[in-house]
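Letters A, B, ... mirror the listed sequences (proteins, then strands); counts begin at 1. All of these numbers come straight from a predicted model, not from anything done at the bench.
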Protein chains: 2
Amino acid sequence: MENDELVQNMLLELRRGTLSIAVLSQLSMEEYGYSLLKALSEKGLEVDQSTLYPLLRRLESQGLLQSDWRVVDDARPRRYYVISAQGKTVLAKLKKEWSAMTETIQKMLS
Amino acid sequence: MENDELVQNMLLELRRGTLSIAVLSQLSMEEYGYSLLKALSEKGLEVDQSTLYPLLRRLESQGLLQSDWRVVDDARPRRYYVISAQGKTVLAKLKKEWSAMTETIQKMLS
DNA sequence: TTGACATACTGTACGATATACAGTAATATA
DNA sequence: TATATTACTGTATATCGTACAGTATGTCAA
């Protein structure tokens, strides 16, 4: 593997899991896939459709999100997602651990 | 999957990749597997042997670490690892991206 | 002196996720 | 009316952290 490809791959591994937290934290307000994609992008988290949509489905199948089809203003139907009660519990735990972990690593890097 | 198991699993995914950074950053000084294990543990990063040893081998096979067997003080031979020139370059890039990423996520969580 | 525990490593298999790739289709706009 | 954007579904793949199994030496207390 080439040097740059190696770095890209390690960054991918670094990102793993963070997207789940990001998505859960954003879905206290209802959003559909595409609007969420744009919202994350605005906050500096560039995500591909092929990453986000499977993630939303997985989080819902795990009971952390709820969704339903809805038609707003005669536009095409959209699947709206929102965090579930279980999702809130899980998010709280993840936040806590995430803070502890980043702090530990930060100390090592500096 | 149960709630707690789910959280554990998500934390596992969150940790992914961070260990690589941690190890690279610690190996500016030579260490062998076991001493590194203890050093990481002292800094708050609990790692299993079955995680660290395969990682060291992988990082070496990727050219980011160098190692050699050595006998010190008549003790049993140990494999000493140290970061390579390529490893230093990669680490610098990873550090930069890691900072940017954690900052982005941190903003979302707060 | 022997049994337990810490030290120090190798090897292989597996599961979960992020991404890639492919496809469908409606809506806006130029 | 052609093209870009919006908005999704479905499946396959590579990678890593971990689990599990195994080998073997050094140390220290009972």
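Between the P atom of dC16(D) and the CG atom of L11(A) lies a distance of 12 Å, rounded to the nearest Å. One interatomic measurement links the two molecules: CG of L56(B) to P of dC16(D), which rounds to 14 Å at whole-angstrom precision. To the nearest angstrom, C1' of dA16(C) lies 13 Å from CG of L59(A). What separates CD of E5(B) from P of dT18(D) is a distance of 15 Å, to the nearest Å. The nearest whole Å value for the distance from the CG atom in L52(B) to the P atom in dG17(D) is 10 Å. Atom-to-atom, CZ of R15(A) to P of dA14(D) comes out at 19 Å; the value is rounded to the nearest Å. Between the C1' atom of dG10(D) and the CD atom of E60(A) lies a distance of 16 Å, rounded to the nearest Å. Residue L37(A) contributes atom CG, which lies 10 Å from atom P of dC8(D) at whole-angstrom precision.
For S110(B) (side chain) and Q106(B) (main-chain N/O), a donor-acceptor pair under 3.5 Å exists by modelled atom type.
Between L12(B) and R16(A), the one whose closest nucleotide on DNA chain D sits nearer the 5' end is R16(A).
To the nearest 0.5 Å, atoms OG (S35(B)) and OH (Y80(B)) are separated by 6.5 Å. To the nearest 0.5 Å, atom CZ of residue R15(A) and atom OG1 of residue T51(A) are 8.5 Å apart. The distance from the OG atom of S20(A) to the CG atom of L14(B) is 7.5 Å, given to the nearest 0.5 Å. Between the CD atom of Q86(B) and the CG atom of L59(B) there is a distance of 11.0 Å, given to the nearest 0.5 Å.
For the pair R58(B) and dC16(D), the criterion of a side-chain N or O lying under 4.0 Å from OP1 or OP2 is met. Listed pair N9(B) / dT18(D) fails the phosphate criterion, with no side-chain N or O lying under 4.0 Å from OP1 or OP2. For the OP1/OP2 pair of dT17(C) and a distance below 4.0 Å, the side-chain nitrogens and oxygens of Q62(A) include at least one atom meeting the criterion.
The shortest distance between side-chain heavy atoms of L45(A) and T18(A) does not fall below 4.5 Å.
Here L55(A) lies in heavy-atom contact (under 4.0 Å) with sugar-phosphate atoms only.
For R16(A) and E13(A), the salt-bridge test passes: some basic side-chain N is under 4.0 Å from an acidic carboxylate O.
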List, with names and distances, any nitrogen or oxygen atoms from the protein found under 3.5 Å away from nitrogen or oxygen atoms belonging to nucleotides 7-11 of chain C.
unit_1	atom_1	unit_2	atom_2	d
dT7(C)	OP2	Y34(B)	OH	2.2
dT7(C)	O5'	Y34(B)	OH	3.1
dT7(C)	O2	R76(B)	NH1	2.6
dA8(C)	OP1	R78(B)	NE	2.8
dA8(C)	OP1	R78(B)	NH2	2.3
dA8(C)	OP2	Y32(B)	OH	3.1
dA8(C)	O4'	R76(B)	NH1	3.4
dA8(C)	N3	R76(B)	NH2	3.4
dC9(C)	OP1	R79(B)	N	2.6
dC9(C)	OP2	G33(B)	N	3.0
dC9(C)	OP2	Y34(B)	N	3.0
dC9(C)	OP2	Y53(B)	OH	3.4
dC9(C)	N4	Q49(B)	OE1	2.6
dT10(C)	OP1	R79(B)	NE	3.3

